Amino acid sequence: MDTLSQQVTETLRTWILHGRLAPGMRVEEVPIAENLKVSRTPVRAALAALAMEGLIDHQPKKGYLVRSFALEDILAAYEVRSVLEGLACRRFAALGVDKPTAALLHECLREGDEILAKGQLLVEDLAPYQQMNVKLHNALMHGAGNQWIVRFGAQAQAVPFASDRIMLWNDHGVILRSHDDHHRIVQAVISGDAARAEQLMREHVYYAGILLRDNYQRLLDERSRDGAAQSPLAVSDLGDFSAA
């Protein structure tokens with residue numbers, strides 16, 4: 001896939017993760033090409049790539065539709081993420097962390113500390129914190145030195161709601177707890193405590209799944225009480241989210 005196709009793929013993936021392309025919505029080549037001011041060729045390649053990832057489905061006479069994910073599907077993706085990222089931390093700790101990567105990880109921790117030291121979650125801090133979070137998780141995944149962990153981890157993260165590119169940004173205590181996890185994980189990896197690094201990361205991702213489950217169910221319950229139609233949820237339905 002060429003660079004332009006990759007850019008279009010990333011854009012469409014972000015739109016899906018962020019809810020701009022909602023579950024069940026038709027995704028057509030021509031409108032997307034016109035919107036992004038590109039030819040249909042990179043769009044066609046992008047749609048094929050997203051279909052391979054399972055984010056969209058191809059249906060006869062309907063073209064591509066954004067896939068709907070049941071809560072069970074999302075929680076299953078979190079389970080896979082926890083195992084893969086835990087394994088990555090275990091391998092990275094066993095292999096040893098080089099100085100540049102250690103410096104990168106410590107810089108991520110510092111950035112998060114600086115944001116959370118304000119004692120409240122500001123709208124303008126959402127994107128910087130989210131970018132830090134992705135950078136830290138990616139560094140730990142790549143540090144394992146195993147391309148399959150990275151590849152399968154990326155597939156699990158492509159499931160809407162289950163990506164570390166998305167986070168609920170409305171509870172300072174929850175984010176603070178998550179960033180405290182980051183500190184413990186990084187310390188375990190750098191100190192070479194492989195078993196502890198794995199367990200900490202698995203718990204970190206698992207807890208994120210629990211939060212998502214609770215918020216997802218809360219919204220469904222609210223819709224039911226209000227008599228609203230039970231249409232598929234988009235990521236944006238859950239509140240203040242951001243996608244990279």
Side-chain angles (χ1 to χ4, degrees), residues 1-88 91 130 133-135 137-167 205 208-209 212 216 231-237 241-244:
M1 186 182 295
D2 61 31
T3 301
L4 182 56
S5 297
Q6 291 172 341
Q7 292 174 354
V8 174
T9 301
E10 180 61 25
T11 297
L12 296 180
R13 186 187 295 114
T14 296
W15 288 359
I16 293 171
L17 290 176
H18 196 47
R20 179 170 174 176
L21 295 176
M25 183 179 291
R26 182 178 297 180
V27 186
E28 299 176 291
E29 287 182 20
V30 174
I32 291 175
E34 292 175 350
N35 189 311
L36 297 179
K37 295 180 173 55
V38 298
S39 70
R40 295 174 62 178
T41 300
V43 174
R44 189 177 303 117
L47 294 177
L50 294 174
M52 288 287 292
E53 292 180 12
L55 282 178
I56 58 177
D57 291 323
H58 185 268
Q59 299 185 0
K61 299 182 180 180
K62 291 185 178 180
Y64 290 102
L65 299 177
V66 178
R67 181 180 171 189
S68 299
F69 287 85
L71 180 57
E72 292 76 14
D73 296 326
I74 298 164
L75 295 178
Y78 269 104
E79 184 177 10
V80 172
R81 268 196 62 195
S82 71
V83 172
L84 287 173
E85 295 193 42
L87 175 60
R91 283 182 53 85
Q130 178 270 328
N133 188 61
V134 171
K135 184 165 56 175
H137 278 262
N138 282 348
L140 293 171
M141 289 281 284
H142 284 85
N146 185 320
Q147 63 171 323
W148 298 109
I149 291 177
V150 174
R151 176 180 293 187
F152 295 142
Q155 287 183 303
Q157 296 236 15
V159 176
F161 300 98
S163 174
D164 69 356
R165 300 181 179 197
I166 299 168
M167 63 184 61
V205 177
L212 182 282
Y216 193 104
S231 56
L233 294 181
V235 174
S236 54
D237 292 327
F241 281 88
S242 176

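Sequence positions, counted from 1, serve as the residue numbers for this chain. Please read these numbers as outputs of a predicted model, since none were measured by experiment.
Minimum heavy-atom separation, G24 to S68: N-OG, 4.1 Å. The two residues P42 and L4 have their closest heavy-atom pair at CG-CD2, 3.8 Å. Taking each heavy atom of A88 and M141 in turn, the nearest pair found is CB-CA, 3.9 Å. Closest approach of S82 and V205 over heavy atoms only: N-CG1, 3.7 Å. Contact detail for G153 and L84: the closest heavy-atom pair is N-CD1, 3.5 Å.
Between L55 and V66, the closest side-chain pair of non-hydrogen atoms is not below 4.5 Å. Under the 4.5 Å side-chain criterion, counting only non-hydrogen atoms from C-beta, D57 is not in contact with Y64. Taking the side chain as every heavy atom from C-beta outward, E79 and L75 never approach each other to under 4.5 Å. Side-chain contact check for V27 versus L65: every heavy-atom pair is 4.5 Å or farther apart. At a threshold of 4.5 Å between non-hydrogen side-chain atoms, the residues N35 and W15 count as touching. Side chains of Q130 and N133 form no contact here, defined as non-hydrogen atoms less than 4.5 Å apart. Residues H137 and R81 are in side-chain contact: their nearest non-hydrogen atoms beyond the backbone lie under 4.5 Å apart. In this structure, the side chains of Q155 and V80 stay at 4.5 Å or more apart for every pair of heavy atoms.
The distance from the CD atom of E85 to the CG atom of N138 is 8.5 Å, given to the nearest 0.5 Å. Of the inter-residue distances, the one linking I74 atom CD1 with L212 atom CG reads 6.0 Å to the nearest 0.5 angstrom. Once rounded to the nearest 0.5 Å, the distance linking CZ of R44 with CD1 of I32 reads 12.0 Å. Of the inter-residue distances, the one linking L47 atom CG with S5 atom OG reads 10.5 Å to the nearest 0.5 angstrom. The CD1 atom of I16 lies 10.0 Å from the CE atom of M25; values are rounded to the nearest 0.5 Å. N146 contributes atom CG, which lies 9.0 Å from atom CZ of F152 (distance to the nearest 0.5 angstrom).
Not one N or O on the side chain of R67 forms a donor-acceptor pair closer than 3.5 Å with the backbone of I56.
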Item to check | Residues Q7, L36; criterion side-chain contact (heavy atoms from CB on, under 4.5 Å); working and verdict | outcome: CA-CA 10 Å; Q7 292 174 354; L36 297 179; over 6 Å; no

Next on the checklist: side-chain contact (heavy atoms from CB on, under 4.5 Å) for H142 and V150? Distances and angles first, verdict last.
Outcome noted: CA-CA 6 Å; H142 284 85; V150 174; 3.8 Å; yes

